[in-house]
Amino acid sequence: MVQKKPLVLIVMGVSGCGKSTVGALLAERLGVPFYDADDFHPESNRVKMAAGQALTDEDRWPWLDLLAKEAAVWAEDGEGAVLACSALKRAYRERLRAKTDRVRFVFLSGSKDVIRQRMAQRQGHFMPPALLDSQFETLEAPGRVDDPTDSAIHVAIDQEAEQIVGEVLAVLPDRSA
């Protein structure tokens, strides 16, 4: 029997949708490490966002390339992982998948009003609620799991984190992570 390589799940969506909360819980349930893509941003990106300036694609490419390299290591040499990363554009998701075919996306979707309320309650995060509109403008939602070119497991955020994780685990096509 051929053993499958570990899976890297990327929990994606706009800022404030619950990527870190759901991602950490999902990683715990799968018994794999959890990483937050925000921790991989260079200081220049953090400063720019904290000043209320949206990142450009030129700001993002080196960061996404680093994340793709890390994902390949987690999938090829490691035990798999869960990564919380906005991955708002199809081009970003393609970049994240460039180094390994063991990446799967989980898209957390919700209304702008719900997410704005969540963001207003956060303390000490470098992404200000004022940038939420730009996040929604940038978002190119992925297709459903039956679209192999840009697919994701879609989950609505209007439920508890445990329920979201349960939905993801129920439909994971490959539980080898």
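Side chains of Gln159 and Ile164 form a contact here, defined as non-hydrogen atoms less than 4.5 Å apart. Side-chain contact between Leu96 and Cys85: present, with at least one pair of heavy atoms (C-beta onward) separated by less than 4.5 Å. Taking 4.5 Å as the limit, some side-chain heavy atom of Leu25 sits within range of a side-chain heavy atom of Glu162. Leu9 places none of its side-chain heavy atoms less than 4.5 Å from the side chain of Leu83. For the pair Tyr92/Trp61, a side-chain contact is recorded, criterion being any heavy-atom separation below 4.5 Å from C-beta on. The shortest side-chain heavy-atom distance between Val155 and Ile153 falls under the 4.5 Å cut-off. Within the 4.5 Å cutoff, the side chain of Leu55 has no heavy atoms near those of the Trp63 side chain. Contact of the Val8 side chain with the Arg102 side chain is not registered, since no non-hydrogen atoms from C-beta on lie closer than 4.5 Å.
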Applying side chain to side chain contact (heavy atoms under 4.5 Å, CB included), run through Ile115 and Val14 and close with a yes or a no. CA-CA 8 Å; Ile115 293 171; Val14 298; 3.4 Å; yes

Given side chain to side chain contact (heavy atoms under 4.5 Å, CB included), test Arg93 with Asp150 step by step and report yes or no. CA-CA 8 Å; Arg93 294 186 294 277; Asp150 185 30; 2.7 Å; yes

For Arg95 and Asp57, what are the C-alpha separation, side-chain angles and deciding distance, and is it a salt bridge (Lys or Arg N to Asp or Glu O under 4.0 Å)? CA-CA 12 Å; Arg95 202 93 171 213; Asp57 285 349; over 6 Å; no

Going through the checks in order, is the side chain to side chain contact (heavy atoms under 4.5 Å, CB included) test met by Val32 and Leu26? CA-CA 9 Å; Val32 299; Leu26 187 57; over 6 Å; no

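A distance of 6.0 Å separates NZ of Lys89 from CD of Glu140, quoted to the nearest 0.5 Å. Summarising the geometry, atom CH2 belonging to Trp74 is positioned 13.0 Å from atom CG belonging to Leu7; distances are rounded to the nearest 0.5 Å. To the nearest 0.5 Å, the span separating CG on Asp59 from CD on Gln53 amounts to 9.0 Å. Considering CD of Glu94 and CG of Leu64, their distance stands at 11.5 Å, rounded to 0.5 Å.
Residues Lys48 and Glu43 are not paired through a salt bridge, judged by the lack of any N-O separation under 4.0 Å between the basic side chain and the carboxylate. Between Asp36 and Lys19 there is no salt bridge, since no side-chain nitrogen of the basic residue lies less than 4.0 Å from a carboxylate oxygen of the acidic one. For the pair Lys99 and Asp65, the salt-bridge criterion is not met [side-chain N within less than 4.0 Å of a carboxylate O].
Closest approach of Phe136 to Gly110, counting heavy atoms only: CZ-O, 3.7 Å. The shortest non-hydrogen separation linking Thr138 to Ser134 is OG1-O, 2.8 Å. Nearest heavy-atom pair, Pro6 versus Gly80, reported as atom, atom and distance to 0.1 Å: CB-N, 3.2 Å. What you find for Arg46 and His41 is that their closest heavy atoms are NE-O, 3.9 Å. Nearest approach of Val103 to Ala71, heavy atoms of both residues: CG2-CB, 4.3 Å.
Aromatic ring pairs are classed by plane angle as parallel below 30°, tilted from 30° to 60° and perpendicular above 60°; the pair Phe40 and Tyr35 is perpendicular.
Within a 6.0 Å sphere centred on NZ of Lys112, other residues, nucleotides and ligands contribute more than 12 heavy atoms.
There is a path of hydrophobic side-chain contacts, each under 4.5 Å, that joins Leu108 to Leu169.
Judged purely by atom type and a 3.5 angstrom limit, Gln135 uses its side chain to pair as donor or acceptor with the backbone of Ser15.
Checking each of Cys17, Ser151, Pro142 against Phe107 for a side-chain contact (heavy atoms from CB on, under 4.5 Å) leaves exactly one that passes, namely Pro142.
At a cut-off of 3.5 Å, with distance as the only test, a side-chain donor of Thr100 or Glu76 sits close to an acceptor on the other residue.
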